[in-house]
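The structure under discussion appears below in the form of structure tokens.
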Amino acid sequence: MLFRQLMKCLKQTSFSLSDYNTKRNFFRAVQLQANIPGTFVGSLKSIVGDANVSTADAVRDQHGHDESHHEVHKPDVVVFAESLEHVCKVAKLCNDNKVPLIPFGSGTGLEGGVNALQGGVSLNMSKMNQVVKVNAEDFDCTVQPGVMRIALNAYLRDTGLWFPIDPGADASICGMCATSASGTNAVRYGTMKENVLNLQVVLPDGRVIETAGKGKRSRKTSAGYNLTNLFVGSEGTLGIITEATIKLYGIPEKTIAAVCHFDSVQEAVDTVVQIMQSGISMAKLEFLDDKAIEAFNKYSKFNMKVAHSLFLEFHGPALGLEDQFNTVKELITSNNGSGLQIATDEDERKRLWKARHEMIWACTALLPGSKPYSTDVCVPISTLPKVIVQTKKWIEEANIIGPIVGHVGDGNFHVFFPMMRGDKETYEKVQDLHFKMGFLAMEMNGTCTGEHGIGMGKRKLLEKELGPTGIEVMKEVKKCFDPNGIMNPGKVFF
Ligand SMILES: Cc1cc2c(cc1C)N(C[C@H](O)[C@H](O)[C@H](O)COP(=O)(O)OP(=O)(O)OC[C@H]1O[C@@H](n3cnc4c(N)ncnc43)[C@H](O)[C@@H]1O)c1[nH]c(=O)[nH]c(=O)c1N2
Ligand SMILES: CC(C)CC(=O)C(=O)O
Ligand SMILES: [Mn+2]
């Protein structure tokens with residue numbers, strides 16, 4: 001069988017480097033078990049118990065997709081882990097039998113990260129949901145993989161601390177580690193990359209490591225290679241994260257939120273660049289274009305001014321916060337911004353941010369039944385106006401629905417294309433535009449993804465971003481941890 005495939009491939013007279021890589025990996029993929037025998041399911045049951053193994057179609061379906069437009073790929077079986085021992089034994093069993101293994105956090109990803117492209121075992125981590133330890137005096141805590149962001153912040157409330165990284169969705173903290181998530185607060189508090197101190201990881205052969213050393217949680221380390229940040233953003237392709245030690249922050253004494261509007265995209269984004277260049281420490285700095293506001297008004301029956309808008313937030317001690325706000329106000333006015341509204345108490349702030357937080361649902365509602373195809377470029381801040389203005393022009397020229405929203409303080413923004421799963425024609429049109437944006441971002445020395453990851457949808461863009469040698473080295477790194485290629489096969493690379 002393998003020989004016949006090899007001959008067929010060799011008969012083809014020409015193919016590109018990426019074709020070659022696809023085929024090379026195809027050969028490796030066929031070495032993985034395509035279908036799982038009943039005896040293997042029996043072995044899984046003997047490790048985790050009958051109740052923690054499911055081959056039911058509805059459960060497999062639920063684990064075969066995330067929140068994105070990517071087509072569903074069901075795993076053969078879903079396993080619920082209850083302990084570190086379960087994870088180690090399941091990983092070893094899969095590795096010994098060359099069965100694909102896909103970690104499942106909470107399925108809120110936007111690049112098809114959990115989709116089981118080659119079947120296999122989906123390992124659901126939601127039952128390991130304990131906060132292991134809070135070191136309030138050191139501003140850190142350790143959590144198991146099933147701990148969710150909102151639950152963690154509720155748990156922390158009495159300590160006066162919080163974990164500010166907020167990807168909008170209520171995701172698992174370890175899933176957020178796996179995708180290097182960020183969101184609206186990253187401009188002030190950084191992304192997961194800056195906020196993870198240590199990770200406990202189960203390797204495919206069942207060995208357990210702590211990436212910074214057992215129990216370590218110092219703020220700084222120069223001790224050898226940075227294994228922690230190798231696993232942050234690894235998208236389930238290197239190992240299973242079973243504990244994360246993360247930084248915490250004091251809940252800010254005062255918060256000011258504001259919104260303002262602009263007639264042109266250029267003026268709005270110029271304002272952003274000037275705010276960031278002035279060195280003011282913004283907690284949030286978000287852009288919504290006119291189409292995004294229109295979608296929100298329709299979805300939430302609001303009457304917000306339809307214009308390109310900035311949403312801003314300041315966190316800090318009451319002393320000095322208003323001075324910062326006033327400086328920003330001057331920059332808004334000097335760029336012809338108008339309609340400035342301010343909110344300080346919690347309810348008012350929630351109402352003001354409603355448009356931003358409901359954006360994904362408002363945009364999905366533009367095409368009932370659709371799922372988000374979201375782009376995610378991130379560029380150096382001075383190049384942001386050029387990239388957003390050009391993007392808006394391309395969307396208008398292509399005559400496609402594509403509201404723009406984004407974390408512009410970080411040079412990161414999304415175009416939200418509502419997409420019906422399986423609509424190949426629209427998919428190709430949108431993918432064209434997506435790739436044009438990705439290439440433009442790279443030309444500006446930026447990246448195709450600031451926060452959603454590569455998953456299934458940006459593998460071609462990653463090839464361009466890193467070049468053949470960069471990809472080769474990444475594959476060699478993967479091989480060190482996962483020589484049989486069982487961990488989430490087909491993600492990040494072809
Ligand atoms: C409404 C809305 C809005 C947003 C977003 C989603 C939605 C639905 N997201 C995307 C999403 O919330 C983000 O990617 C999360 O980090 C995914 O966490 P899950 O627990 O859901 O991981 P999920 O289960 O979706 O898995 C994602 C990837 O991580 C791997 N993985 C999960 N748990 C693992 C573990 N324990 N060990 C190893 N690998 C593991 C999986 O295999 C997969 O490859 C986002 N993101 C963002 O950064 N900024 C944003 O602004 C937003 N906004
Ligand atoms: C679908 C995306 C636009 C979600 C996201 O990342 C965001 O709202 O910031
Ligand atoms: Mn985002």
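Numbering of ligands and ligand atoms starts at 1, following listing order.
For the pair Y299 and T364, the minimum side-chain heavy-atom distance is 4.5 Å or more. Within the 4.5 Å cutoff, side-chain heavy atoms of W353 are placed close to those of E313. Side-chain contact check for V99 versus L32: every heavy-atom pair is 4.5 Å or farther apart.
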May I have the N/O to N/O pairs between ligand 2 and the protein that fall below 3.5 Å, each with atom names and distance to one decimal?
unit_1: ligand 2; atom_1: 6 (O); unit_2: H414; atom_2: NE2; d: 2.9
unit_1: ligand 2; atom_1: 6 (O); unit_2: E451; atom_2: OE2; d: 3.4
unit_1: ligand 2; atom_1: 6 (O); unit_2: H452; atom_2: NE2; d: 2.7
unit_1: ligand 2; atom_1: 8 (O); unit_2: R356; atom_2: NH1; d: 3.1
unit_1: ligand 2; atom_1: 8 (O); unit_2: R356; atom_2: NH2; d: 3.3
unit_1: ligand 2; atom_1: 9 (O); unit_2: R356; atom_2: NH2; d: 2.6
unit_1: ligand 2; atom_1: 9 (O); unit_2: H407; atom_2: NE2; d: 3.1
unit_1: ligand 2; atom_1: 9 (O); unit_2: H414; atom_2: NE2; d: 3.1

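Around atom 24 (O) of ligand 1, the closest heavy atom drawn from S180, G107, G175, G233 belongs to G107. Ranked by closest heavy atom to atom 12 (O) of ligand 1, the top entry among T179, T108, T242 is T108. In this structure, of G183, S122, S172, the residue bringing a heavy atom nearest to atom 20 (O) of ligand 1 is S172. For atom 53 (N) of ligand 1, the candidate residues are P167, A171, G236; the nearest heavy-atom contact is made by P167. Of the candidates A181, S234, A178, A178 brings a heavy atom nearest to atom 40 (C) of ligand 1.
Considering backbone and side-chain atoms together, I241 places an N or O closer than 3.5 Å to an N or O of ligand 1. Of the polar atoms of S182, at least one N or O is found under 3.5 Å from an N or O of ligand 1, judged by distance alone. The N/O atoms of M125, backbone and side chain alike, include none that comes under 3.5 Å of an N/O atom in ligand 1. Residue H414 has no N or O atom closer than 3.5 Å to an N or O atom of ligand 1. Looking at E235 next to ligand 1, an N or O pair under 3.5 Å apart turns up.
Remark: side-chain polar atoms of E235 are paired, donor with acceptor, to backbone N or O of I454 under 3.5 angstrom. Checking side-chain atoms of K216 against main-chain N and O of K214 turns up a donor-acceptor pair under 3.5 Å. At distances below 3.5 Å, at least one donor-acceptor pair connects side-chain atoms of Q144 with backbone N or O atoms of N129. Remark: the backbone N or O of A169 is paired with a side-chain donor or acceptor of R149 at under 3.5 angstrom.
Of all atoms in ligand 1, numbered sequentially from 1 with element shown, those under 4.0 Å from a heavy atom of G239 are 38 (C). Within the listing of ligand 1, atoms 8 (C) sit less than 4.0 angstrom from a heavy atom of E67. The atoms of ligand 1 that sit less than 4.0 Å from any heavy atom of N488 are 42 (O), 44 (O). Short contacts between ligand 1 and M176, defined as distances under 4.0 Å to a heavy atom of the residue, involve ligand atoms 16 (O), 18 (O). Residue H407 approaches ligand 1 through these ligand atoms, each under 4.0 Å from one of its heavy atoms: 51 (O). Of all the atoms in ligand 1, the ones that sit under 4.0 Å from a non-hydrogen atom of C174 are 36 (N).
Ranking the protein heavy atoms by distance from atom 26 (O) of ligand 1 puts V114 CG1, 3.5 Å first. The shortest contact between atom 19 (P) of ligand 1 and any protein heavy atom is with S106 OG, 3.3 Å. Scanning the protein for heavy atoms near atom 34 (C) of ligand 1, the closest one is P103 CB, 3.8 Å. At the top of the distance list for atom 25 (O) of ligand 1, counting protein heavy atoms only, stands G109 N, 2.9 Å. Among protein heavy atoms, atom 51 (O) of ligand 1 sits closest to E451 OE2, 3.0 Å. Looking at atom 1 (C) of ligand 1, its nearest protein heavy atom turns out to be I360 CG2, 3.2 Å. The protein heavy atom nearest to atom 7 (C) of ligand 1 is A169 CB, 3.5 Å.
A 6.0 Å sphere centred on NZ of K127 holds more than 12 heavy atoms belonging to other residues, nucleotides or ligands.
Between K491 and ligand 1 there is no heavy-atom distance shorter than 4.0 Å.
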Pairs under 3.5 angstrom only: tabulate donor-acceptor contacts from the side chains of residues 381-391 to other protein residues two or more places apart or in another chain.
unit_1: T383; atom_1: OG1; unit_2: P380; atom_2: O; d: 2.7
unit_1: T391; atom_1: OG1; unit_2: V387; atom_2: O; d: 2.7

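The minimum heavy-atom distance between A295 and A362, with the atom names listed, is O-CB, 3.7 Å. Pairing each heavy atom of H65 with each of D61, the nearest pair is CD2-O, 3.1 Å.
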Next item on the list: Evaluate the criterion ring-ring contact (aromatic ring centres under 6.0 Å, His included) for residue pair F104 and F80; output intermediate values, then yes/no.
Entry: CA-CA 9 Å; F104 188 98; F80 294 83; 8.8 Å; no
Notebook entry, point to check: Checking side chain to side chain donor-acceptor pair (under 3.5 Å) for the pair H414/T375: CA distance, chi angles, key distance, verdict?
Noted result: CA-CA 5 Å; H414 313 296; T375 70; 5.8 Å; no
Notebook entry, point to check: Between D57 and K74, is a salt bridge (charged side-chain N to carboxylate O under 4.0 Å, His left out) present by the stated rule, with each step listed?
Noted result: CA-CA 9 Å; D57 198 52; K74 297 181 210 175; 2.8 Å; yes
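Applying the side chain to side chain contact (heavy atoms under 4.5 Å, CB included) test between L93 and each of L101, I47, V121 identifies I47 as the sole match.
Atom NZ in K464 sits 7.5 Å away from atom CE in M442 (nearest 0.5 Å).
Between H434 and Y373, a ring centre-to-centre spacing shorter than 6.0 Å is recorded. With ring centers used as reference points, H69 lies under 6.0 Å from Y427. Here the two rings, on Y155 and W162, have centers that are 6.0 Å apart or farther.
Of all protein N/O/S atoms, those under 2.8 Å from the Mn ion (ligand 3) are H407 NE2, H414 NE2, E451 OE2, and waters are not counted.
Contacts classified as ring-ring contact (aromatic ring centres under 6.0 Å, His included) and involving residues 374-396 (residues at least two apart or in different chains) are not found.
Both tests do not hold together for K478 against F493: distance to the six-membered ring centre under 6.0 Å, angle to the ring axis within 45°.
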